[in-house]
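Chain letters run A, B, ... following the sequence lines, proteins first and then strands; every chain starts at 1. Owing to the predicted nature of the structure, the values given are computational and were not obtained by experimental measurement.
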Amino acid sequence: MPYILKDSLFSFILSVIGIILLGSVPFMFTGMSFNTGSYVDGIGELFKSMMKPAEIMYFTTSGKYPLFPSMWDIFSYSLTILFSAFFMALILALIFAILIFMLPSRLKDKIRVFSFMFESIPDVLIAISMQFFIIWFFKETNILLFQIVSLYDQKTYFVPIFCLTVLPTLLILRILLLNMEEEYGKQYIDTAKSKGMGSFRILWRHVLPNTLLSVFHQSRNILWFMLSNLLMVEFLFNIYGVTTLVREMGNPAIFTISMLMLFVPMFLFFTALRIFTYKWVGEK
Amino acid sequence: MIKAIWKGPFFLIGFLFVFALLSFSLYHHFVMNNEIYENQIIYDGITPIDKAPFEPSSEYWFGSDRMGADLFYQIISGAKYTLGIAFAASLLRIFLSFFGGVLLLSAGKVLPVIKGLGQSFYYIPSALLILFIVGPIIAIDQITFWEKAFFQIMLIVLIAVPNTAILIKEEINLIQSNEFITSAKLMGGSRFRILFKHVMPHLWPRLVLMYVQQVIAVLLLLAHLGILGIFFGGTIYREYGIEFTIPVSVSNEWSGLLGGYYYQLRLAPWLVFFPVLSFAAVIMAFNFMAEGIKRAGDQLPGRKKMKKREKVKEKSVSKDQSFVFLTERKIG
């Protein structure tokens, strides 16, 4: 346990430094040429402006506003979408995995063999198809299913969360399917079977918890992947979230602050997962 | 390894698709002179019946844009550039990461620091990072198109190098924990000899797999950058009607097509849909290839032999015993 905390603190500090270093990269280029001196100056400048967050301004079409406190609103909106999509993906993937395991084994094997195709669908395709579908449905029946495009003060939740959920669900489902198969080959399953346990009980009590561990191990990659999705979804549905803010401002200070604010909850989430798995199975 | 790859159907399907697309694109370039059929108004006799943009039909497979240019041939023509960028960028990524990985081997105490710094890439969407860095530079007019393209490709390459280098370093460490490396060291092999003679034969199948995965990553990134409006193919403005000019991609490169047509989403949805779909198809093909390589890697000739030998041993032991081994029970 102390090891985990120490290690997490270490990587926390380094990641923060890394994000600040990345945030000041635009200072490195004057035109097209590298300039190391101005990079070092730029880091200092970035640091100075981040020390005084009250003075950072952002622009919208209607005018110029201070970044805080409206930043909290924008930020919590993006974070809500991101994490609710992640948990929904997790739950949906679990349900699908259980359903697939109920299928006859010939079908099950086929799904597993072709599960790698799940990863091939670009997020852009899903978001655009969703927009087409809603527009088409509106044209056909004159019912607007959901508010597609969010205006500045109107927040839509359902459609962006749905678009963000689809791909991670497939990704987690694939991880679950592959690991479940591996888990079923282990000998403790034979023991459980020979003790007369029902197959659903084995799946629920033994196989699922063990495969969930591998999902936790992959959670960083999954969330990173979802961040790219978030960028696309916010762009395509015209949502004013963190990535939109960064995209439109292009200001190093806003970039760094936004990325740090995204980083902190994600990092806390991973650390919590790490402590949780440590308590559970004793893995560091 | 190479023979095993070709035997599986997965790699072959993916490879054939990409190969066919590329050859058709080159055929279109050299034999058909890169011509894209343009026609703004369809006549029935002398009465005009339809005006561009046309919907997808048997004549225009993927529809056409407002200039009346056939989207199918635009996509075919752009395929060579998009795939070329993806191939070149991922090759550079793997190449630089390999050197980085070898350097990291002797990093010693600095290694955890580098790893920690590399982690920060996991919290920033890569398309956003590129947009953030490239944005101010694209706005400068004095820089020529080629310089901008070069700069963007270098960024696409560099952005993945730190984490891939760490990954390759870990792969090398895994191979180096084998016993044959220890014996090679005992025999007095120098570091570079061990690296190239003993580690590389085991590493390069992994590198091939990583290469294909990087191609997928680059293609996805290109699609994202295209939607965000960062053109790779260069932009020119063409006159449309009398008073309008609209941005058009010069080379028909796919991310350029996406960026150019994105604003016509409501007017002509197929103009956005088909470029995205072709990205999806190519990514699917590369996923097939990656799966084929993974499967071939699972049955490396060396490992197979060892397994066989073990099985034979177990059998001979169990013959004169009264119980049956668990492993044998599963085989039988």
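For the pair Met226(A) and Leu164(A), the tightest heavy-atom approach, listed with the atom from each and the gap, is O-CD1, 4.0 Å. In this structure, Leu79(A) and Pro265(A) approach most closely via the heavy-atom pair CD2-CG, 3.7 Å.
Side chain of Asp7(A) to backbone of Tyr3(A): no donor-acceptor contact under 3.5 angstrom is found. Using a distance-only test at 3.5 Å, with no hydrogens or angles considered, a donor-acceptor pair links the side chain of Ser38(A) to the main chain of Phe27(A).
At a 4.5 Å heavy-atom cutoff, the contact between Asn251(A) and chain B is made by backbone atoms alone. Using a 4.5 Å cut-off between heavy atoms, Leu231(A) touches chain B through its side chain atoms alone. In this structure, chain B has heavy atoms under 4.5 Å from both the backbone and the side chain of Ile19(A). For Val113(B), the parts lying under 4.5 angstrom from a heavy atom of chain A are both the backbone and the side chain. For chain B, the nearby parts of Val124(A) are the backbone and the side chain; heavy atoms of each come within less than 4.5 Å.
Within residues 273-282 of chain B, the residues that have a heavy atom under 4.5 Å from a heavy atom of chain A are Phe273(B), Val276(B), Leu277(B), Ala280(B), listed by number. Residues of residues 8-16 of chain A that come within less than 4.5 angstrom of chain B, heavy atom to heavy atom, are Phe10(A), Ser11(A), Leu14(A), Ser15(A) in numerical order.
Ranking Phe114(A), Phe225(A), Phe235(A), Phe255(A) against chain B, the residue ahead of the rest is Phe255(A), based on heavy-atom pairs under 4.5 Å. Ranked by heavy-atom pairs under 4.5 Å with chain B, the first of Ile121(A), Asp123(A), Leu21(A), Asn229(A) is Asp123(A).
Two residues are said to be in side-chain contact when any heavy atoms from C-beta on lie closer than 4.5 Å; Phe237(A) and Cys163(A) meet this criterion. Looking at Tyr122(B) and Asn163(B), their side chains come closer than 4.5 Å, going by heavy atoms from C-beta outward.
Counting non-hydrogen atoms of other residues, nucleotides and ligands closer than 6.0 Å to NZ of Lys115(B) gives a total of 12 or fewer.
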- Task: Show your reasoning for whether side chain to side chain contact (heavy atoms under 4.5 Å, CB included) applies to Phe286(B) and Gln213(B).
- Result: CA-CA 8 Å; Phe286(B) 277 103; Gln213(B) 285 165 340; over 6 Å; no
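Between Phe269(A) and the options Phe86(A), Phe216(A), Phe263(A), a ring pair (Phe, Tyr, Trp, His ring centres under 6.0 Å) holds for only Phe86(A).
Side-chain contact annotation: Ser255(B) with Glu253(B), donor-acceptor N/O pair under 3.5 Å present. Side-chain contact annotation: Glu183(A) with Tyr188(A), donor-acceptor N/O pair under 3.5 Å present.
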Output a table of donor-acceptor pairs, distance under 3.5 Å, between side-chain atoms of residues 124-132 of chain B and any protein atom two or more places apart or on a different chain; print 'none' if there are none.
none

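A search for ring pair (Phe, Tyr, Trp, His ring centres under 6.0 Å) contacts involving Phe288(B) returns Phe116(A), Phe10(B), not counting sequence neighbours.
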